Amino acid sequence: MGLHGIGPSGAARLLVEVGAITRFPNRAHFASWNGTAPIDASSGEQVRHRLSRAGNRQAHRILHIMATVQLRNPTEGRAYFDRKKAAGKTSMEACAR
């Protein structure tokens, strides 16, 4: 709940979905599990990534709501987005890590 955009109900739902975080060996496994890991969608010289439609949809929804709230308010998430946009990224590229 220390992150902007996660309230008591969102935190509780996320904890229920995740269970023991120790079951994920690293961040990449957790991102793959919740559907936020980027998938390579490159073709030729065009380098692109997209988000997976797989994964735990309930956990993904909670994380999506948190990200949306952060972008609507002056937070670290909004500052990150603004820096990426200033560097020439599109809105979709700026949202992806």
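Since this is a predicted model, take the numbers as computed values, not measurements.
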Is there a path of hydrophobic side-chain contacts, each under 4.5 Å between heavy atoms of I/L/V/M/F/W/Y residues, joining [Y] to [X]?
X   : Y   : value
I21 : L63 : yes
F81 : I6  : no
V69 : Y80 : no

What are the two closest non-hydrogen atoms of E17 and R23, and how far apart are they?
O-NH2, 3.6 Å

Got R61 and R13 here, is their nearest side-chain heavy-atom distance under 4.5 Å?
yes

Heavy-atom check, side chain of R50 versus side chain of P38, under 4.5 Å
no

Would you say [X]'s side chain and [Y]'s backbone share a donor-acceptor pair under 3.5 angstrom?
X   : Y   : answer
S32 : A37 : no
N26 : A28 : yes
T90 : E93 : yes

Taking atom types as modelled, find out whether D40 and S42 have a side-chain donor-acceptor pair closer than 3.5 angstrom.
yes

For the [atom1] atom of [X] and the [atom2] atom of [Y], what is their distance to the nearest 0.5 Å?
X   : Y   : atom1 : atom2 : result
R53 : I39 : CZ    : CD1   : 10.0 Å
I62 : R57 : CD1   : CZ    : 12.0 Å
I65 : Q70 : CD1   : CD    : 13.0 Å

[X] [atom1]: over 12 foreign heavy atoms closer than 6.0 Å:
X   : atom1 : value
R72 : CZ    : no
H64 : NE2   : no
H29 : NE2   : no
R78 : CZ    : yes

Once the angle between the rings of W33 and F24 is folded into 0 to 90°, is it parallel (under 30°), tilted (30 to 60°) or perpendicular (over 60°)?
tilted

Can you check side-chain contact (heavy atoms from CB on, under 4.5 Å) on V18 and N34, steps first, answer last?
CA-CA 9 Å; V18 171; N34 67 39; over 6 Å; no

